[in-house]
Each structure stands twice: as structure tokens, then as C-alpha cells.
Amino acid sequence: MTLKIYNTMTRTLEEFIPGGVKRDKIEDYAPVSIYSCGPTVYSYAHIGNFRTFVFNDFFRRYLEFRGYKLNQSMNITDVDDKTIAGANRDGVTLGEYTGKYTGIFFEDLKSLNIEEVEHYPRATESIDSMIDILEKINSKGLLYEKEGSLYFSISKYGDYGRLSRVDAREIKSGARYDADEYEKDDVRDFALWKASKKDEPSWETPFGSGRPGWHIECSAMIRKIYNSTIDVHTGGVDLIFPHHENEIAQSEAAYGEKFSRYWIHVEHLLVNGSKMSKSAGNFYTLRDLIEKGFSARSIRFLLLTAHYRKQLNFTLDGLKQAEQALERIDNFIVRLNDVKNFSCENNADSVIENFMESFTDTVDADLNISGGIGVFFDFITKLNSLIDENRLSLNDIDSINSTLELADSVFGFIYMDKQELQVDEEMINALVQERNDAKASKNFARADEIRDTLIDMGIVLEDTKDGTRWKIKK
RNA sequence: GGCGUCGUACCCAAGUGGCUAAGGGGGAGGUCUGCAAAACCUUUAUGCAGCGGUUCGAAUCCGCUCGACGCCUCCA
């Protein structure tokens, strides 16, 4: 089986071939170059934003699981209208302002158990590469200046709109455009570089001072880090047009080679049936939800349960269901490591093998992690039955634990949030022992009293045929 | 208006031409237990928005209808 990915550019499912040349073994591929559009650091990111970032993380983890090496980047947009306005409002420098929100963003990524990628380029640190693009585009005659701003001429470029499949003429008639930009030759044209206004930070270029347009940073960073065609470009569907379309135009115009082989776009997170967005005000931040008592773990799980190309309607009820689903996993792990009667034979091998095979087959089909999670729960049910039947050997338990770790290298939610017990284990064990003694001497009143005491402490007892165990009540 | 996506059980959600339509939550039964609880197991859609068509065969392809959402404007 091979990994297949839906490519927005071709609108088809394509075999994933990094570098464009098929190799015999996955290990033979050069590290997969991935560029993921990151946040603009002007305030807290919301969980709609994090849907995309959690997906990026899963994509990365799955490639690693399949044996690919990685070279991934996620940009931090640290200069734009909103960051400049925010810094001015707060009376701090742009760097102080974006530094604060960049820090918060990285904390949130960590809370969601998102792995670090290789590069986190900043727009403000990529100005030299932007200038290179401006010069290349200028030398091709596709750049023009109006009132100190530099624009890309789509009509002269010609080859525009392949990704979004928008008819260029329709853009012209349908677009509502910014009053600021009516100086453009053609409404379709986009700003590569913006003239500096007073109270705005600016950078010197051969074309005069100013600041980056939105689209150019991604093109610049990609060139700087990878220097040629990248394998995958990811982002939210709202970036297809105009952001990614413009990136393609300016990069391919400047360097004359394909910009990205694969385009992956993550659908929106909805809330009450419509897109979660800052401007609509209908958003939750990660911190909002944690304050309500939900775990980052359940948020990660929920964001992963729907396929990335389908809209996901976010509800608090859905989050509760996610927490309960995770409890099933946790309970399984407790039972597994509590097995006392070991079988002499290994009986889990085929179950593990079947799981690994169908997990890979399922997820290989356009990163279908929803299906992969289903396969995983199926795996748990089968193993629970083996536990019930006392058919697991010590060896089996080891192999199952290794399999769980491997699965978690993709999921990232199995062992997430393994918190330290905040309770006095010795005392609880003593009480459990006393209760068992009371039960043995048929002193059920005392036994029930101890049970109630523990429940009041938030400890739930589980009497099993092999003895009593306890857990912290959720 | 242009372009596009989606509509699967009470809720969430896979499956996109061919075994009995995954999985999770919830419900119902059962196992265990002194009784419980917790946990586990089993079960829960003759049907996939509606209608028509193609096919030996369709949730899956095509057409129409209804409904929802997205992009076309800052946006993950």
C-alpha cells in the first residue's frame, strides 16, 4: 500500500511521491519538504486555527510513522495591519507585541501535544529573500509601482488561477475591493510590497522603504529554506484564494519552476453551523475551553476525529463525547497493566498484526485518521476480550504496550496529559485493604462505609475477579 | 450572481461500485459482585436527504429537487 493524498491543485487523489521521483523504499526519499501556513500573531489563536495545526501535526507524525524523513516549516506572520495596529494600541514595539503572542502560540501548541517542526521562520527575518523576489519579478516586467506600493501584474503574467480555478474575469467583476487599493492597474493585482505610512515599521529595499505584503512572506521563506520546489504546502481552505494563488504566481514568476508538488487544505471548524472566525466573534480559544474544565487532550482528540477535508461542527457536547471516548482508552490501559493471570501462550500477535495492517491501509487513503481511530477502538475491544478470557501472556502485554506507543506516535492523545496522581496512594491502598478484610469477615457495613469515604475523596473502586483496584473519578 | 463542498442511526463520525454499512457517545441486555458502583462483553441503520437514471450490482456513478456550509473581502 502507498500513501495517497488529495491534491487541491489537481482535485484528485494522488500517490504521494516526494521529490517527484518514485523510489523503491520509503527510506530512500530525501526528507519531505513541507511548508505549513502558520498564524498571524496578533492575538490568541482559536481552536479553528488549531484544527489546521493539529492536522499538520498528525500529517507529520504519520509520515514519520511510515518511515519518511521530514523537513517542515511553519511561518510566523509578525508584521501586517493587525499586528501593527495592536502594537500601536498597546504602546509597544512591533517586536514586543508579536513576541508576546508568538510565545502564547507556542505554549498552546505544546498544550495540544503538537511536535516541533524543523523551522519557524518569521516574516520580519525574511526581508532579504523578499527583496530577491521583488527584483526577479521586476526583471520579468511583472512588477509595477503605484504611490510607493509594489504590485504584481496578473494580466501580464497570464497563468493565473490554476489552484482555485477562479476565472480571472470573474474576480474582476465579482470582487469587492479595498478603497486603499484602487490605485492598482487592475483590481485582480495584489500588493507585493506596501508603502510605509507614518507610525508603521518599514524596511529599506532598492524600490524604496516599506513593508511586506501578505503573500510574499511565504514565497520568500520557502525560497530561503528550500531553494526549490517543495513537496507539500498546507493550510486552511480559506487560503486557497487569494493567498496561495498569489504565492504560486509570484514564486513561479520569479523562479520559473513549480512552487509545490502537493497542496493540502484543511476544511473549516464550524460553530453553530458557520465558520469559526475572529471577525465573526464566534470562537473559542484553547484557554477558554480549558477554563471550562475541558482538557487539551480531548480537544486534540475531537479535532482529529473528523476527516480533514470535511467541515467539523464544534460543540461542547462533542467535546464531552471526546472525553468519554478517551476514558475508554484509559480504562483499557489500566486493565491491560493490571492483568494478573498470564497465559503461557502468546495470543495477541495476530490481533496486533491485523491492527497495524488495517490502520496503515486506512490512513494511507488520504490521511483518513477517523477511520484509523475506528480501527484502534476495534483493536481495544478485541484485546479487552482476551483480557477477560485470561489469554494474554507477559510477552503479549509487552508487545501491546509497544504497539500502543507506536500508535500514539501518530495519535498523540493516548499518553497525553498523563498527570501525576494528586492523592495519597498509601492511604488509599490501606483503606482498600481494610475494606477487603471487612468484606472477608462479612462486615459489609464497614466495607460500604470505606467505599463511601473513598468516593467522597474522588476515588472509585473497581472490584474485579482478581481483586480490587481504584482510579480517580473523572 | 460565479465557483466549490457536504447531507450516513438519538448525537458525533468512517466508508465513495460488489462479503452481514467501521468506530465513539447514548440507550438496552448480560458478565462480575455480599449489594452496588466501576469496568468489560453483546446489542442497537433491510438502510445511507428526496425522486429518477446508468449497471448483473450503488450510500458510492449521472441528472433533477430540497437543505446546509465554504470561497469570491482580513482569515487556519
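Because the structure is a prediction, the values reported are computed rather than measured. In what follows, every chain begins at residue 1, and chains take the letters A, B, ... in the order their sequences are listed.
Side-chain atoms of A:D463 stay outside donor-acceptor range of the base of B:G34, with no qualifying N/O pair under 3.5 Å. With hydrogens and angles ignored, a donor-acceptor pair closer than 3.5 Å exists between the side chain of A:R451 and the base of B:A36. In the interface, the side chain of A:Q311 is not paired with the base of B:G70 through any donor and acceptor atom under 3.5 Å apart. A donor-acceptor contact under 3.5 Å is formed by the side chain of A:K82 with the base of B:C74.
For B:C10, the paired base is B:G25 (Watson-Crick or G-U wobble, both distances below 3.5 Å). Using Watson-Crick or G-U wobble geometry with both donor-acceptor distances under 3.5 Å, B:G47 finds no partner in any strand shown. In this structure, B:G57 forms no base pair with any nucleotide, since neither Watson-Crick nor G-U wobble geometry is met with both distances under 3.5 Å. Base pairing of B:G1: its partner is B:C72, meeting the Watson-Crick or G-U wobble criterion (both donor-acceptor distances under 3.5 Å).
For A:D378 and B:A14, the CG to P distance is 17 Å, given to the nearest whole Å. The separation between A:D80 atom CG and B:U73 atom C1' is 15 Å, rounded to whole Å. A:L392 has its CG atom 15 Å from the P atom of B:C40, to the nearest Å. The interatomic distance linking A:R300 (CZ) with B:G24 (P) rounds to 20 Å, in whole Å. Between the OH atom of A:Y308 and the C1' atom of B:A14 there is a distance of 15 Å, given to the nearest Å. Taking atom CG of residue A:L304 and atom P of nucleotide B:G23, one finds them 20 Å apart after rounding to whole Å. As a whole-Å value, the separation of A:E462 CD from B:A36 C1' is 13 Å. Atom CZ in A:F377 sits roughly 15 Å away from atom C1' in B:C40 (whole-Å rounding).
A distance below 6.0 Å separates the ring centres of A:F190 and A:H215. Taking the six-membered ring wherever Trp is involved, the centroid distance between the rings of A:F411 and A:F376 falls below 6.0 Å.
Without hydrogens or angle criteria, A:N7 side chain to A:R261 main chain gives a donor-acceptor distance under 3.5 Å.
Comparing B:U16, B:C35, B:A39 by their closest approach to the side chain of A:R335 singles out B:A39. The side chain of A:V460 lies closest to B:A38, out of B:C41, B:A76, B:A38. For A:R328, counting side-chain heavy atoms from C-beta on, the closest listed nucleotide (B:A38, B:G24, B:A76) is B:G24. Out of B:C35, B:A76, B:C74, the shortest distance to the side chain of A:H46 is found at B:A76. Nearest nucleotide to the side chain of A:D448, out of B:C40, B:C11, B:C35: B:C35. The side chain of A:S274 sits closest to B:C69 out of B:A38, B:C69, B:A14. Closest to the side chain of A:R11, out of B:A76, B:A38, B:G4, is B:G4. Set against B:G34, B:A13, B:A76, the side chain of A:S370 has B:A13 as its closest nucleotide. Picking from B:C40, B:A14, B:A76 the nucleotide with the shortest atom distance to the side chain of A:D238 gives B:A76. For A:T381, the listed nucleotide lying nearest its side chain is B:C41; candidates were B:C41, B:A76, B:C11.
Residue order along RNA chain B, read from the 5' end via each residue's closest nucleotide, puts A:K275 first among A:K275 and A:F50. Of the two residues near RNA chain B, A:A322 and A:S385, the one whose nearest nucleotide lies more 5' is A:A322.
The C1' atoms of B:G53 and B:A14 are separated by 28 Å, rounded to the nearest whole Å. Using P as the reference atom, B:U46 and B:C11 are 15 Å apart when rounded to the nearest Å. Rounded to whole Å, the C1' atom of B:C48 lies 4 Å from the corresponding atom of B:U8. Taking atom C1' on both nucleotides, B:G18 is separated from B:A76 by 39 Å, rounded to a whole Å. On the C1' atoms, B:G63 is 33 Å away from B:C10, given to the nearest whole Å. Taking atom C1' in both B:A13 and B:A21, one finds a spacing of 13 Å when rounded to whole Å. Nucleotides B:C41 and B:C35 are separated by 23 Å at their P atoms, to the nearest Å. Nucleotides B:G15 and B:A45 are separated by 14 Å at their C1' atoms, to the nearest Å.
At the heavy-atom level, A:G48 lies under 4.0 Å from base atoms of the strands shown. Here A:I240 lies out of heavy-atom contact (under 4.0 Å) with every strand. Looking at heavy-atom distances under 4.0 Å, A:L269 makes contact with a base. A:G372 comes within 4.0 angstrom of nothing in the nucleic acid, heavy atoms only. Backbone-only contact: A:L312 has heavy atoms under 4.0 Å from sugar-phosphate atoms and none from a base. Heavy atoms of A:K442 sit nowhere under 4.0 angstrom from any nucleic acid atom. At a threshold of 4.0 angstrom between heavy atoms, the contacts of A:F444 include nucleobase atoms, whether or not backbone atoms are also involved.
Put simply, A:N368 has a side-chain N or O that comes within less than 4.0 Å of OP1 or OP2 on B:G15. The phosphate of B:U33 has neither OP1 nor OP2 within less than 4.0 Å of any side-chain N or O from A:K465. Contact between the side-chain N/O atoms of A:R435 and the OP1/OP2 oxygens of B:A37 is not found at any separation under 4.0 Å. For the OP1/OP2 pair of B:G7 and a distance below 4.0 Å, the side-chain nitrogens and oxygens of A:K310 include at least one atom meeting the criterion.
Between A:K278 and A:H46 there is a side-chain heavy-atom pair separated by less than 4.5 Å. Counting only heavy atoms from C-beta outward, the side chains of A:L112 and A:I299 approach each other to under 4.5 Å. Inter-residue side-chain proximity for A:I459 and A:I428 is flagged as met; some heavy-atom pair is nearer than 4.5 Å. A heavy-atom distance below 4.5 Å is not found between the side chains of A:K110 and A:I114.
What you find for A:R188 and A:S155 is that their closest heavy atoms are NH2-CB, 3.4 Å.
In this model, no donor atom of one side chain and acceptor atom of the other lie less than 3.5 Å apart for A:T468 and A:E462.
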